[in-house]
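To keep things clear, I will list the structure first and then write my remarks on it.
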Amino acid sequence: MAAEILDGRAVSAKILDLVTKDVADLGRKPVLATVLVGDDPASRTYVRMKAGRCAKVGMESRRIELPGQTTTAELVARIRELSDDPSVDGILLQHPVPHQIDERAAFEAIAPEKDVDGVTRTSFAMMAFDEGGFASATPGGIMALLDAYEIPLSGKHAVVVGRSPILGKPAGLLLLARDATVTYCHSRTTDLPARVAEADILVAAVGRPALIRGNWIKRGAVVIDAGYADNTGDVEYEAAAERASFITPVPGGVGPMTIAVLLAQTARAARQKK
Ligand SMILES: Nc1nc(=O)c2c([nH]1)NC[C@@H]1CN(c3ccc(C(=O)N[C@@H](CCC(=O)O)C(=O)O)cc3)C=[N+]21
């Protein structure tokens, strides 16, 4: 039995077609400001990809690049300027930021109505209380991908490996909101293989290539791999695909969905501002 592929490239392309129409209807170009601190090559690549995808759907991206030695105060001030700038619709601060910066403080400088990447505590709380708001981009992309394949979630045991504030933790809450029974695993979890083996739906969100072995996966499970370290997933793909019913490839799975959600939410921010 080989798993069916959850094709994030195809699903994201459909979403971006709809976004392109939305943008055309709006009659002006939404503006997404991307903020990159330091010169990590992988982060630079992701920001460049996001900017490229903006152009494709008729949006403008404004790339702000700050030196690696930037202080929290300087970054917060720059993000506040963008929050106050009426020509900016959405703001993305690329994670991670250099260690001297208080990333949470920097995220909180994003005006909630421009938080199209869903990283502020306002967005988190709205998500947790089912009040709409902007989803954290990667968890939002995961849910959109599950829904595109009409994968049932209610009553299923979802196991989320990873508890970071913009990925694992919100992913679990979104699954909970859809009536999944959710288990979080993390660095202090004992017997990770046993927890993974209980998953009907597995979300891997750690950033450690091949941490999750294929033979841990329950037969018929749905495997969502949100790992992207070195462009490699957290799940040992080939072996997992032999047991899973559905699986996301890396690349071509969660990554493109993340960008699609970011741009869809930027279009929505622009529409709501009008
Ligand atoms: N504030 C913030 N929000 C983010 O959403 C965010 C972030 N920081 N920091 C970094 C991670 C990573 N991330 C990816 C997005 C797209 C791909 C993606 O599309 N990857 C392609 C392959 C990339 C390639 O071809 O080089 C794919 O999976 O098919 C990957 C990773 C967003 N992130």
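Every number for a ligand or one of its atoms is a count from 1 in the order of the listing. Position 1 is the first residue of the sequence; numbering continues from there.
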Requested in this report: Could you check which of I110, L36, N231 puts a non-hydrogen atom nearest to atom 26 (O) of ligand 1?
Outcome: N231

Report task. Any atoms of ligand 1 less than 4.0 Å from a non-hydrogen atom of P256? List them with their elements. Result -> 19 (O), 27 (C), 28 (O), 29 (O)

Requested in this report: Could you say whether the N/O atoms of I166 and ligand 1 ever approach to under 3.5 Å?
Outcome: no

Query raised in the report: Of the protein's non-hydrogen atoms, which lies at the shortest distance from atom 5 (O) of ligand 1, and what is that distance?
Result: T258 CG2, 3.5 Å

Query raised in the report: Heavy-atom contacts under 4.0 Å between L262 and ligand 1: side chain, backbone, both, or neither?
Result: neither

Query raised in the report: For atom 17 (C) of ligand 1, what's the nearest protein heavy atom and its distance?
Result: G255 CA, 3.5 Å

Query raised in the report: Any N or O of Q94 that comes nearer than 3.5 Å to an N or O of ligand 1?
Result: yes

Query raised in the report: Has ligand 1 got any nitrogen or oxygen that is less than 3.5 angstrom from a nitrogen or oxygen of H95?
Result: yes

Query - atom 32 (C) of ligand 1 [closest protein heavy-atom partner, distance rounded to 0.1 Å] - result: K50 NZ, 3.6 Å

Requested in this report: Examine the side chains of R53 and S12 and answer whether a donor and an acceptor come within less than 3.5 Å of each other.
Outcome: no

Query raised in the report: Do any nitrogen or oxygen atoms of L92 come within less than 3.5 Å of a nitrogen or oxygen of ligand 1?
Result: no

Let me have the donor-acceptor pairs involving side chains of residues 151-162, under 3.5 Å, with sequence neighbours excluded, atom names and distances please.
{"from": "H157", "atom 1": "ND1", "to": "E198", "atom 2": "O", "distance (Å)": "3.0"}
{"from": "H157", "atom 1": "NE2", "to": "T183", "atom 2": "OG1", "distance (Å)": "2.7"}

**Report entry** Over 12 non-hydrogen atoms of neighbours within 6.0 angstrom of NZ in K50
**Finding:** yes

Report task. Measure the distances from the heavy atoms of V250 to every atom of ligand 1 and state whether one is below 4.0 angstrom. Result -> no

Query - For atom 29 (O) of ligand 1, the protein heavy atom that lies nearest, with its residue and separation - result: G252 N, 2.7 Å

Requested in this report: Could you list the atoms of ligand 1 found under 4.0 angstrom from a heavy atom of L93?
Outcome: 1 (N), 2 (C)

Report summary line: Looking only at heavy atoms, the pair that brings E236 and G214 closest together is OE1-N, 2.8 Å

Report task. Sequence neighbours left out, what passes side chain to side chain contact (heavy atoms under 4.5 Å, CB included) with S43? Give chain and number order. Result -> L36, D40, Q94, P96

Report summary line: Within 4.0 Å of some non-hydrogen atom of I259, the atoms of ligand 1 are 16 (C), 19 (O)

Report task. Please report which non-hydrogen protein atom sits nearest to atom 21 (C) of ligand 1, along with the residue it belongs to and the distance in Å to one decimal place. Result -> P251 CB, 4.1 Å

Report task. Using distance alone, with no hydrogens and no angle criterion, decide if D89 and T266 have a side-chain donor and acceptor under 3.5 Å apart. Result -> no

Query raised in the report: Near D191 CG, under 6.0 Å, is it more than 12 heavy atoms from other residues, nucleotides or ligands?
Result: yes

Report summary line: Heavy atoms of N231 and V250 approach each other most closely as O-CG1, 3.8 Å

Query raised in the report: For ligand 1, which atoms sit closer than 4.0 Å to a heavy atom of R9?
Result: 29 (O)

Query raised in the report: Nearest protein heavy-atom contact for atom 25 (O) of ligand 1: which residue, which atom, what distance?
Result: M49 SD, 4.5 Å

Query raised in the report: Is a side-chain donor-acceptor pair under 3.5 Å present for S61 with T34?
Result: no

Requested in this report: Work out which heavy atom in S83 is nearest to a heavy atom in A109; give both atom names and the distance.
Outcome: OG-O, 2.8 Å

Requested in this report: Identify the two heavy atoms, one from L75 and one from T70, that lie closest to each other, and give their separation to 0.1 Å.
Outcome: N-CG2, 3.9 Å

Requested in this report: Among all protein heavy atoms, pick the one closest to atom 30 (C) of ligand 1 and tell me residue, atom and distance.
Outcome: Y46 CE2, 3.3 Å

Query raised in the report: Do D230 and T232 have a side chain donor and acceptor closer than 3.5 Å?
Result: no

Query - Within-cut-off N or O pair, D117 and ligand 1, under 3.5 Å - result: yes

